[in-house]
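Structure below; questions to follow.
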Amino acid sequence: MNFSFWVEGVCLPAVSAFGLAGNLATIYVLKKKHQLLDLNQSFTNLLICLAVFDSLFLVFANLAYSVTAVLHPNQSEIQMMATPYIIPLTNMSLTGSVYSVVAITVERYTTLKQTENQRPWKGNVLIMSIIFFSIFYNFVKFFELKIDIVGQDVHQELPENSSTQVLYYINATWLRRHPVYSLNYIVIGNFVVMNLIPVVLLAFLNYSIYSTIKRVTKLHNQISQCHRCDTTMVALLFSIVIVFLACHSCKLVLNIYEAVQMLQYGTIHYWPSWADKLTRWNHLMLAINSSSNIVIYVAKDF
């Protein structure tokens, strides 16, 4: 059994099962007992949004990658024909998850700043913005892949037992192969939108939250219970950032490698075995990220 089977066929479903159970349980608790948890409504809605996007990513990632790894070398016609549509949905879910984490940090930041006559951002506004952006940014991915069907003769010792085996190949469309699109959207766009902007926002906002809380904790005895909860929340937010950087590092390395090839050759000229293994490992790391986001919050609140 090869690397793909163990990473995508065994580890990915195992991690996803744990993540789905945690996310679904969290959604249930937040919906049914949010008043007992002493969380404001905006923060609660954003946590539910994060859990939903993470759960969708885990489901779509397993449909796209785990099924293929488990069945290999056999193929499922339904799964192969659906892959060009499942992968864009996977990317939409991932984008929603990433920016839900950013939105939670924004909500915490603006909640702290309301003591300085600044109203906190409403959770529903952030959620609608995340949904719209995730769909809008990734919609073009529905036109990136196609399925080529090839018939291959299977010869047996007796001619009458010979048959034709249908093979399905996932290939890039002309759009995905176009150097302008590949360089600007796939390489540069994904790096900026899915790595640079989230990391910069998370780092800046969490530093601002830390600075604000450090200032107000000098008057610890006068701080309200809400602000004391925000103090412990800072550690959780920094944990989210660390997990995000660790789990998205593989994707960043692959984006840089693609960018170098695009600049040198105008296309992905060579994809070595280490890059293929890192791609599969990246799928697992992203699943770990989607399985651990809620756990970090649950560690404190539940």
Side-chain angles (χ1 to χ4, degrees), residues 4-39 41-71 76 78-79 82-83 86-105 107 123 127 130-131 134 232-233 235-251 280-302:
S4 175
F5 173 80
W6 288 109
V7 173
E8 296 180 322
V10 176
C11 295
L12 180 57
V15 170
S16 299
F18 170 79
L20 278 172
N23 288 331
L24 294 177
T26 300
I27 293 172
Y28 175 80
V29 172
L30 289 173
K31 292 289 288 185
K32 298 295 183 179
K33 302 181 180 180
H34 69 276
Q35 293 181 346
L36 298 177
L37 298 174
D38 194 26
L39 299 174
Q41 191 62 49
S42 293
F43 185 63
T44 300
N45 290 340
L46 285 170
L47 283 178
I48 293 174
C49 178
L50 174 61
V52 169
F53 275 121
D54 280 340
S55 298
L56 289 174
F57 173 79
L58 293 173
V59 170
F60 290 135
N62 278 271
L63 291 176
Y65 310 122
S66 297
V67 174
T68 302
V70 170
L71 293 179
S76 166
I78 296 177
Q79 190 265 343
T83 296
I86 295 175
I87 290 180
L89 293 173
T90 305
N91 282 276
M92 288 180 182
S93 304
L94 179 61
T95 304
S97 173
V98 169
Y99 281 91
S100 292
V101 173
V102 174
I104 290 173
T105 310
E107 193 277 339
I127 291 171
I130 293 167
I131 294 174
S134 299
T232 55
M233 184 61 65
L236 302 180
L237 292 173
F238 276 111
S239 299
I240 287 286
V241 176
I242 293 173
V243 171
F244 179 88
L245 291 174
C247 293
H248 287 253
S249 59
C250 295
K251 182 159 63 70
R280 302 181 190 283
W281 186 258
N282 173 57
H283 298 156
L284 176 60
M285 295 301 294
L286 294 178
I288 292 174
N289 190 202
S290 290
S291 299
S292 61
N293 282 332
I294 285 297
V295 173
I296 296 175
Y297 292 106
V298 169
K300 167 187 174 290
D301 292 307
F302 312 143

**Q.** F53 vs I131, side-chain contact (heavy atoms from CB on, under 4.5 Å): CA-CA, chis, key distance, verdict
**A.** CA-CA 10 Å; F53 275 121; I131 294 174; 3.9 Å; yes
Q: Locate the shortest heavy-atom distance separating H283 from L12; write the atom from each residue and the value.
A: O-CD1, 3.9 Å
Q.
Test of understanding: with side chain to side chain donor-acceptor pair (under 3.5 Å), list the residues that count as partners of S4, not counting sequence neighbours.
A. E8, R280
Q | Shortest non-hydrogen separation from S100 to C49 and the atoms involved | A | OG-SG, 3.4 Å
Q | Interatomic spacing from OH in Y65 to CG in L284 - rounded to 0.5 Å | A | 12.5 Å
Q: Look up atom SG in C11 and atom CE in M285, then write down how far apart they are to the nearest 0.5 Å.
A: 11.5 Å
Q.
Looking only at side-chain N and O atoms, does N293 offer a donor or acceptor that is under 3.5 Å from a partner on D54?
A. yes
Q: Please round to the nearest 0.5 Å and tell me the distance separating atom CG of L286 and atom CH2 of W281.
A: 12.0 Å
Q | Gap between atom CG of L47 and atom OG of S42 - 0.5 Å precision | A | 11.0 Å
Would you give me the side-chain donor-acceptor pairs under 3.5 Å for residues 241-250, sequence neighbours excluded?
from	atom 1	to	atom 2	distance (Å)
H248	NE2	N289	OD1	3.0
S249	OG	A246	O	2.8

Q. For I130 and Y99, which heavy atoms make the closest approach, and how far apart are they?
A. CD1-O, 3.5 Å
Q.
Among residues at least two apart in sequence or on other chains, which ones pass side chain to side chain donor-acceptor pair (under 3.5 Å) with S93?
A. none
Q. Considering all heavy atoms of both residues, which atom of L63 and which atom of I86 are nearest to each other, and what is their separation?
A. CB-CD1, 4.0 Å
Q. Can you name the closest pair of heavy atoms from L58 and N62 and give their distance?
A. O-ND2, 2.6 Å
Q: Looking only at non-hydrogen atoms, find the nearest pair between S76 and L71 and report the distance.
A: CB-CD1, 3.6 Å
Q: Hey, could you give me the CG/OG distance between L20 and S290, rounded to the nearest 0.5 Å?
A: 9.5 Å
(Q) Quick check for you: to the nearest 0.5 Å, what is the distance between I127 atom CD1 and I48 atom CD1? (A) 8.0 Å
